[in-house]
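Below, all heavy atoms of this structure are taken into account, side chains as well, without hydrogens, waters or symmetry copies. To find a chain, count down the sequence lines: A is the first, B the second, and so on, and within it residues start at 1.
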Number of protein chains: 2
Amino acid sequence: MVTGSPSPVAMFAALADDTRWAVLETLAQGDGAAGRTASSLAEALPVTRQAVAKHLAVLEAAGLVESWTAGRERRYRALGAELTALGRRLERIGDAWEARLGRLADIAERLEG
Amino acid sequence: MVTGSPSPVAMFAALADDTRWAVLETLAQGDGAAGRTASSLAEALPVTRQAVAKHLAVLEAAGLVESWTAGRERRYRALGAELTALGRRLERIGDAWEARLGRLADIAERLEG
DNA sequence: CGGACGTGCAATGAATTGGTTGCACATCAA
DNA sequence: TTGATGTGCAACCAATTCATTGCACGTCCG
C-alpha cells in the first residue's frame, strides 16, 4: 500500500535531529544508486546499528529516504528531490508572509519610482 | 546580546509541531506590522495563553518570530524572510544530493543530445 | 548441514516536549 | 488608589523520543 505523501510537519520532525542529519548526509555522500545498509552507516556513525535503523525508518516514513531489499540486506538511499520540494514550499510560505506585511509592495513601489 | 543565527535543526524542531504552525499562520494572517499578543492568539486557538507563550518562545529562539514590548503587553510578528532563507538552504542541499547521484548529469546529457 | 552475518522486534530507561493550573508582578484606566 | 488586564515564572503531568541491550529469524557460503 502506497501511503500518501507525508505531511510537511512529519518531514520537519524527521529533520529536527542532529543524528538523523548525520545519517542523511552519510547516506548522500556515497554512491547513491547502490545504496547503503544500516550496518554500514552505523560503522561510520557514533551510534548503534539499531539506532540507525530507527532513524532510517523515520526518514522513510517522512518520504526522505527510499529502501529496497537486496538478498539478506536492506539498502537505503536519500531522496534529494523531496528535500528540494519541501524547500520550495517553505520559500513560498515565507514569501507570502512578507508580501502580506506589505514590504514587497513597498519594494516594488521603490523600484518603479 | 545578539544570539548568533539559530541552527537549521532548531528551526526544523520549531516547525515540527502542528500547534506551532497554527500559531505562526494566525500570526502571519493579521496586520504583521502591528504584531499580535499571546493572549490575542490564544483566543483564536484551542490552547491556553501560556501554551501559546511557550510556542512563541520556541519560535523566537529559532529566529522565526520577533517580539517587542508595547506598554504592558508583548507583541509578536512572523519573520517570513527567515523561513524563505531556510527553504532555499533545503533546496540547495536536495539538489546537491541529486547531483551526486548523477541524475542531473544524465538529464543534461539528454538535453544536449 | 551449520556457522557467520545482517536484519527486525521487544523491553527498558533517561531526557525532552506539549500542555495544564496557580500565583506574583507590572501597567493602564476610572 | 483600586480594580481589571496582560505577562512571566514555576510546578506538575502525560506522552513521546532517542538510544541502549537482548534475542529470534532469515540468508549466504564453506
A:Ala13 vs B:Ala53, nearer the 5' end of DNA chain D by closest nucleotide: B:Ala53
B:Lys54 or B:Ser39, whichever maps to the more 5' nucleotide of DNA chain D: B:Ser39
Interatomic spacing from CH2 in B:Trp21 to NE2 in B:His55 - rounded to 0.5 Å: 14.0 Å
Contact interval (first through last nucleotide) of DNA chain D with protein chain A, 4.0 Å heavy-atom: D:dC18 to D:dC28
Distance-only polar pair, side chains of B:Ser67 and B:Glu60, donor-acceptor under 3.5 Å: yes
Whole angstrom value for the distance that separates C1' of C:dT7 from CD of A:Glu43: 15 Å
Atom-pair distance (CG on A:Leu41; C1' on C:dT7), nearest Å: 14 Å
Test side-chain contact (heavy atoms from CB on, under 4.5 Å) applied to B:Thr37 and B:Arg74, step by step: CA-CA 6 Å; B:Thr37 67; B:Arg74 176 158 280 262; over 6 Å; no
Atom-to-atom span, CG of A:Asp18 to P of C:dT16 - whole angstrom: 13 Å
Side-chain N or O of A:Arg75 closer than 4.0 Å to phosphate OP1/OP2 of C:dG6: no
Per-nucleotide protein contact string for nucleotides 21-30 of chain C, where B marks a base within reach and S marks sugar-phosphate only (heavy atoms under 4.0 Å, - for neither): BB----BB--
B:Arg49 versus B:Ser39, side-chain donor and acceptor atoms under 3.5 Å: no
Rounded interatomic separation in angstrom, taking NE2 from B:His55 and C1' from C:dG19: 8 Å
d(CG, B:Leu45; C1', C:dG19) in whole Å: 14 Å
Any B:Thr19 side-chain nitrogen or oxygen under 4.0 Å from OP1 or OP2 of C:dG18: no
